Student: 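I am attaching a structure below and will ask some questions about it afterwards.
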Amino acid sequence: MPQQKKPLTILFSAGESSGDQHAANMFLELKKHQPDLKGFGMGGAKMAQAGIDIRYDSGAIGVIGVVEVLKHYGEIRRALKLMQQLVATERPDLLVCVDYKEFNLKLARFAKQRGIKVLFYVSPQVWAWRPGRVKTYGKAIDMMAVIFPFETAYYDAEKVPVRYVGHPSVDKVHPQYSRAEDLVYFGLDENKPVVGLLPGSRANEINRMLPVMLAAAEKIKARLPDSQFILPQADSISDDLLDQYLRLSPLKITVIKNQPYDVIQCCNVVMTTSGTATLEIALLTVPMVIAYKLSTLTYWLGRWLVNTHFIGLPNIVLGKGFVKELIQHEATADNLAEEVDKILTDKAYADQMRANLILVKQQLGQGGGSKNMAQLALEMLG
């Protein structure tokens, strides 16, 4: 009798909620082509729902910031040991590392030394700091999948195999309803300006940025009394935390859950923290102002380490500062209000910003990131 062929196996390593989602989407695409494919590894609920066998739940280690990482160091080490053990004992056909840079670099090195192929998804921001990491990663991986078109040049220069697969947000950012329907549904007047407040998806961002944005909203209301305000609440933010600040504001702020893209498309302008949200706003071509505050220590460390002119992704993608960035001491209520006022009252200025946002959207291409990742993995599996 012919021997039964062993099904192909992929070990996934995702440490944060965004990585959990990316890995889940990629695995679902893979199963369409290879139904008997087996996936296992480290991740969260989304990966488990997609049919990946979770051997370590990454919920305990999905932390950001130097202090937080130090606090969870023991748990992170335990997770790494377990994943290395899985590489050594189960010898998967492919290791897919999703983001979670430092952890996954160590795991990738370990796997490569043992002859396991490594596909890394989401490049570290080598264009912002430590470009020398391209060589470091090049030695530990077989292929880097990048999500910004301009990132390929950094890997090509060092002859590290690279492929642009598309940004995950392109597939994700789709409102459920039309703008006209949303305005009615959210109780907004289409003839009056709508100002969005996006203070972030982490508690420390809310604590730093929401009071500033609320103070700016009061100034905007004083200048433009018709203004309406709306805030899409991130899943990760509790009602209690928001309420702590909103109840101190004399303004009516409409808070909407679970519909960020419908909220954003209603806005004439958005005040936002930096991060993926800026790209999502750009994909919906809504003018914005970016504001961000960090702890003093992190800010000065960043100033010393980071070598980039911009922090806002739309500005980084186009290589020019067309969206105003208000960082640290510049992130004041007065400065925010002034920029929002300019966008709402200077039509030429707002139109120029929209034209640039359309260019950002074009740069990011057609999407299909999960399909492209699945295709790449299948090629590597041979």
Side-chain angles (χ1 to χ4, degrees), residues 3-62 75-76 78-101 103-104 107-108 110-111 114-122 141-147 163 165-174 176 235-236 258 276 367-382:
Q3 210 184 348
Q4 276 267 274
K5 215 174 140 197
K6 181 171 133 340
L8 291 167
T9 60
I10 297 183
L11 176 62
F12 286 92
S13 176
E16 291 146 329
S17 63
S18 59
D20 179 43
Q21 182 75 70
H22 299 337
N25 293 346
M26 176 187 171
F27 189 66
L28 290 169
E29 284 294 336
L30 275 163
K31 293 288 274 186
K32 290 178 189 174
H33 300 277
Q34 290 266 16
D36 61 346
L37 185 81
K38 298 270 180 281
F40 67 109
M42 177 174 93
K46 298 276 194 317
M47 283 165 66
Q49 281 161 16
I52 296 171
D53 176 11
I54 300 295
R55 306 287 181 88
Y56 182 88
D57 185 337
S58 59
I61 60 167
E75 193 53 49
I76 293 169
R78 232 185 334 272
L80 183 61
K81 270 216 154 60
L82 174 82
M83 290 297 282
Q84 288 174 336
Q85 209 176 338
L86 290 177
V87 167
T89 56
E90 308 217 8
R91 295 201 58 82
D93 297 293
L94 179 66
L95 167 64
V96 176
C97 294
V98 191
D99 213 343
Y100 209 51
K101 319 288 190 286
F103 179 102
N104 275 332
L107 182 62
F110 184 89
R114 279 149 192 83
I116 306 290
K117 283 185 186 169
V118 181
L119 168 57
F120 209 103
Y121 184 22
V122 186
I141 64 169
D142 294 277
M143 174 66 75
M144 177 62 79
V146 299
I147 60 174
R163 190 172 307 173
V165 291
H167 199 286
S169 292
V170 177
D171 297 311
K172 205 173 72 171
V173 179
H174 298 292
Q176 291 170 276
D235 299 346
S236 47
N258 304 322
T276 310
S370 306
K371 277 190 185 130
N372 296 337
M373 276 305 293
Q375 193 53 52
L376 187 49
L378 290 170
E379 283 173 33
M380 292 179 73
L381 288 165

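All values below come from the heavy atoms of this structure, side chains included, with hydrogens, waters and symmetry mates left out. Note that the coordinates shown come from a computational prediction; the quantities given were computed from them, not determined experimentally.
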Student: With no hydrogens and no angle check, is any side-chain donor or acceptor of R114 less than 3.5 Å from a backbone partner on R91?
Tutor: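 Looks like no, no N/O pair under 3.5 Å.
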Student: Measure the OG-CE distance between S13 and M47 for me, rounded to the nearest 0.5 Å.
Tutor: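 Reported value, rounded in 0.5 Å steps: 8.0 Å.
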Student: When you measure from the side chain of D171 to the backbone of G367, do you find a donor-acceptor pair of N or O atoms at a distance under 3.5 Å?
Tutor: no
Student: What heavy-atom pair brings V87 and P92 nearest, and what distance separates the two atoms?
Tutor: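 Taking V87 first and P92 second, the nearest heavy atoms are O-CD, 3.9 Å.
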Student: Could you tell me if the side chain of R163 sits less than 4.5 Å from the side chain of E379, heavy atoms only?
Tutor: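 Answer yes - side chains close enough.
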Student: Within the 4.5 Å heavy-atom criterion, are Q84 and L107 side-chain neighbours or not?
Tutor: yes
Student: How about E90 and T9: do any of their side-chain heavy atoms sit closer than 4.5 Å?
Tutor: no
Student: From I10 CD1 over to K117 NZ, what is the distance, rounded to the nearest 0.5 angstrom?
Tutor: 11.0 Å
Student: Can you tell me how far the NE2 atom of H174 sits from the OG atom of S169, to the nearest 0.5 Å?
Tutor: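 That separation rounds to 10.0 Å.
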Student: Describe, in one word, how the ring planes of H22 and Y121 are oriented to each other, choosing from parallel (under 30°), tilted (30 to 60°) and perpendicular (over 60°).
Tutor: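 Tilted: the ring planes of H22 and Y121 meet at 30° to 60°.
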Student: Report the distance from atom CG of L95 to atom CE of M83, rounding to the nearest 0.5 Å.
Tutor: 6.5 Å
Student: Answer whether the closest heavy-atom distance between the side chains of D142 and L119 falls below 4.5 Å.
Tutor: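 No. Closest side-chain heavy atoms not under 4.5 Å.
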Student: Counting C-beta onward and ignoring hydrogens, is there a side-chain heavy-atom pair between M373 and V98 closer than 4.5 Å?
Tutor: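 No, side chains not in contact.
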Student: Between CD1 of I52 and CZ of F27, what distance do you get to the nearest 0.5 Å?
Tutor: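 Going from CD1 on I52 over to CZ on F27, the span is 5.5 Å.
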Student: Tell me, do I147 and P168 make a side-chain contact under 4.5 Å, heavy atoms counted?
Tutor: yes
Student: Let me have the donor-acceptor pairs involving side chains of residues 30-44, under 3.5 Å, with sequence neighbours excluded, atom names and distances please.
Tutor:
from	atom 1	to	atom 2	distance (Å)
K31	NZ	P35	O	2.8
K31	NZ	L37	O	2.9
K32	NZ	E29	OE2	3.2

Student: So how far is it from D235 CG to N258 CG, rounded to the nearest 0.5 Å?
Tutor: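 Here the interatomic distance stands at 5.5 Å.
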